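The structure appears right after this line, and notes come after that.
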There are 2 protein chains.
Amino acid sequence: MNGKLVIAVRVTIADVAEKAGVSKTTVSRILNGNLDHNTPETIKTVLKVVEELEYRPNALAKGLKSMKTNVIGIVLSNFRNEFWFKVLEGVEDTCKEQGYNLMICNSDGDPKLEEQYIKEFQMRQVDGIVINPTVRNQSLYEKLVANKYPMVVINRKIPSIHANNVVVDNIKGGFMAVNHLLENGRKHILAITFKHENISTWQERIEGYQEALTSHGLTENFYYILEITSLRKANQQIKKYLVDHAMIDGVFSTNNMLTLELIEALKKLDKKVPEDIGIVGYDDTIWAKHINPPLTTIRQPSYDIGKESAKLLINEIKSKESPTIKDIIFQPELVVRESSQEIKMID
Amino acid sequence: MNGKLVIAVRVTIADVAEKAGVSKTTVSRILNGNLDHNTPETIKTVLKVVEELEYRPNALAKGLKSMKTNVIGIVLSNFRNEFWFKVLEGVEDTCKEQGYNLMICNSDGDPKLEEQYIKEFQMRQVDGIVINPTVRNQSLYEKLVANKYPMVVINRKIPSIHANNVVVDNIKGGFMAVNHLLENGRKHILAITFKHENISTWQERIEGYQEALTSHGLTENFYYILEITSLRKANQQIKKYLVDHAMIDGVFSTNNMLTLELIEALKKLDKKVPEDIGIVGYDDTIWAKHINPPLTTIRQPSYDIGKESAKLLINEIKSKESPTIKDIIFQPELVVRESSQEIKMID
DNA sequence: CTGAAAGCGCTAACAT
DNA sequence: ATGTTAGCGCTTTCAG
């Protein structure tokens with residue numbers, strides 16, 4: 001009971017001013033580094049009182065005046081994929097560096113939720129957002145752009161929207177994966193992907209798949225594409241497809257969660273990797289090199305995507321004048337491991 | 001150029017009031033569901049104007065009055081472990097259900113950063129926080145509790161702090177893992193853990209390890225404990241230990257990232273799992289059942305931890321009177337797969 | 001070098 | 001049933 005008496009009272013700038021025997025203005029100025037106007041003396045007193053009272057400026061009040069909160073928001077479409085954590089880590093690190101705080105939400109791929117969250121962020125005067133869009137709220141996106149609301153679209157492209165965009169070259173990623181399989185003696189290559197009409201990501205990886213086949217002189221007869229309708233059904237769908245198409249000797253999985261399902265399916269069907277079937281997955285996850293056999297993957301610089309997206313956003317926020325819209329396209333990388341090894345010639 | 005002219009002007013409650021020909025009070029009341037006082041007529045008009053103007057109340061101004069933001073914060077200590085993303089998903093889902101928004105940050109295990117973030121959250125008038133503490137800011141924690149700042153501590157316990165606490169029974173988890181190995185014929189069991197003096201998590205899992213040995217009549221002579229000093233050195237340290245202690249026939253890994261390092265080390269040493277060494281990991285990650293051989297693990301209900309923690313926090317926030325502090329202890333679960341299979345008797 | 005006063009957008013007594 | 005008014009805590013002209 002001795003020592004400091006702890007009472008949960010909010011201490012305001014007025015309290016500091018009073019105790020320091022100065023005006024609120026003075027306190028405000030000093031706390032905002034606007035020191036040119038003050039005696040070293042007053043500065044010292046004020047800072048001491050601030051310390052004693054443990055005064056913390058109320059960010060709400062501050063934001064209300066300036067209409068800047070130093071908060072950015074991120075709208076993700078799922079929390080299940082390791083890829084997004086790394087992106088998030090990058091975003092958070094940038095925030096840390098630049099003195100921003102971060103609000104986060106999960107649209108879960110639902111356009112209604114996406115819209116709701118974006119509006120909530122705006123009501124909270126969040127300075128800008130990073131978003132992996134559902135791509136199904138076109139008029140909303142257009143409105144945001146028209147209002148010059150600072151925004152960075154990541155991972156996907158939104159058709160006919162002129163906004164900052166940070167993506168990985170998915171066509172190239174698809175191409176690299178499939179080209180690698182072809183060069184290692186595979187010929188009947190299945191591409192597994194998600195069925196999502198508007199998502200550029202999947203479309204482009206498949207485009208890369210097709211380009212690779214074409215570049216090896218293989219025509220549409222050699223297109224084997226399986227569109228998974230939901231992660232739950234993936235296992236069944238993959239097994240069925242492989243049974244129905246016994247000629248398949250290589251698989252390009254466009255998503256790391258699908259890759260796990262693929263591996264399980266192959267095990268059930270008693271197909272050996274890479275002897276019977278070579279596989280290449282997308283995203284160099286933490287487990288990729290530890291599974292059996294170690295998985296060849298397309299690596300995406302997920303951390304950097306997050307880091308740069310946030311930088312881009314904060315730059316736009318800070319640049320008062322009409323900001324320049326930027327496209328950043330990261331390059332994927334092929335990480336070769338055993339799962340795709342060359343077919344040995346039978347002697 | 002026809003149609004709506006888009007101008008990025010903030011529309012305030014005054015604009016709505018004016019256009020609807022009523023006072024700000026009326027608009028405010030109607031928007032806050034305080035409808036008893038108004039004609040259906042006015043309500044209709046106001047709502048129509050709100051719609052037309054696309055008016056969104058400024059949450060900053062709102063919060064400034066009420067000193068409630070409907071935002072909670074979460075302080076995590078890393079973004080690298082899948083476990084935390086499931087927790088986060090749970091927290092986010094609760095926020096979604098209860099109409100809260102979420103701020104997130106990463107202390108990265110650094111007490112200084114932790115302190116900074118907590119203060120930032122408080123300045124932003126965040127209504128409460130969920131935290132996986134570094135456990136190295138004792139006086140700060142005490143102050144938060146003394147000030148009755150709504151808080152839920154997860155995953156770890158903070159010594160002599162009376163705050164809401166949501167954890168998993170780690171002693172039991174350790175016990176289950178090791179007991180299982182013992183019952184399957186292992187006798188020289190290594191426990192791999194992180195060296196962190198104050199973290200209850202690791203201490204308790206090791207406690208469970210010891211209890212299991214004791215319950216099987218094994219004394220301290222049978223304690224094999226390896227404390228990893230950093231994830232980077234893990235591989236080396238594990239290999240060295242296993243070489244130096246050739247009698248080891250079972251390993252209990254207290255952390256899922258360490259498990260991956262363990263598996264790699266075993267592969268390098270040409271030790272067969274489960275024939276030479278049986279292993280049990282912590283956290284039933286997405287890849288646990290897909291690696292080779294499929295991994296026996298202790299599953300933690302990570303999603304529920306997040307979900308319940310946030311519920312607890314929001315309950316505390318909402319309960320005006322002195323809230324009851326709660327402890328929630330979740331139970332871990334043993335998931336048996338091949339990596340720990342019984343040693344076959346040699347005939 | 002310092003302070004008084006207005007106002008950011010909203011809510012909530014307190015009128016009427 | 002609706003409006004007037006006084007702040008919430010802060011910044012920022014404008015005056016001194």
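The structure displayed is predicted, hence computed values, not measured ones. Letters A, B, ... mirror the listed sequences (proteins, then strands); counts begin at 1.
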Using ring-ring contact (aromatic ring centres under 6.0 Å, His included) as the criterion, list what pairs up with A:Phe85, not counting sequence neighbours. B:Phe85
With a 4.0 Å cut-off on N to O distance, would you call A:Glu97 and A:Lys307 a salt bridge? yes
What is the 5' to 3' range of DNA chain D, first to last nucleotide, that sits under 4.0 Å from any heavy atom of chain A? D:dG9 to D:dT12
Among residues 115-122 of chain A, which contact DNA chain D at a heavy-atom distance under 4.0 Å? none
Looking at residues at least two apart in the chain, or sitting in another chain, which of them share a side chain to side chain donor-acceptor pair (under 3.5 Å) with B:Lys19? B:Glu52
With a 4.5 Å heavy-atom cut-off, do A:Val87 and A:Tyr303 have their side chains touching? no
B:Thr69 meets the side chain to side chain donor-acceptor pair (under 3.5 Å) criterion, sequence neighbours left out, with B:Asp127
With sequence neighbours left out, the residues meeting salt bridge (charged side-chain N to carboxylate O under 4.0 Å, His left out) with A:Glu120 are none
Measure from CG on A:Asn34 to C1' on C:dC1 and round the result to the nearest Å. 12 Å
Within-4.5 Å side-chain heavy-atom neighbours: A:Glu114 and A:Ile131: yes
N/O donor-acceptor pair under 3.5 Å between A:Asp15 side chain and A:Thr12 backbone: yes
Angle between terminal axes - the helix from C:dC1-D:dG16 to C:dT16-D:dA1, 5 pairs each end, rounded to 10°: 40°
Please list, chain by chain and in numerical order, all residues satisfying salt bridge (charged side-chain N to carboxylate O under 4.0 Å, His left out) with A:Lys311, sequence neighbours excluded. A:Glu308
Residues two or more places apart in sequence or in another chain: which of them pass ring-ring contact (aromatic ring centres under 6.0 Å, His included) with A:Tyr141? none
Going through the checks in order, is the side chain to side chain contact (heavy atoms under 4.5 Å, CB included) test met by A:Asn106 and A:Tyr117? CA-CA 8 Å; A:Asn106 174 12; A:Tyr117 275 126; 5.6 Å; no
Can A:Val167 and A:Arg156 be said to form a side chain to side chain contact (heavy atoms under 4.5 Å, CB included), step by step? CA-CA 6 Å; A:Val167 293; A:Arg156 298 170 180 172; 5.9 Å; no
Contact string for nucleotides 3-10 of chain C, one letter per nucleotide 5' to 3', B = base within protein heavy-atom range under 4.0 Å, S = sugar-phosphate only, - = neither, reads BBB-BBBB
Note, B:Pro159 side chain near B:Val135 side chain (heavy atom, < 4.5 Å): yes
Could you walk me through whether A:Asn78 and A:Trp84 pass the side chain to side chain contact (heavy atoms under 4.5 Å, CB included) check? CA-CA 8 Å; A:Asn78 82 69; A:Trp84 290 113; 3.9 Å; yes
Under a 4.0 Å heavy-atom cutoff, the residues of residues 38-49 of chain B touching DNA chain C are none
Test of understanding: with side chain to side chain donor-acceptor pair (under 3.5 Å), list the residues that count as partners of B:Ser77, not counting sequence neighbours. B:Asn132
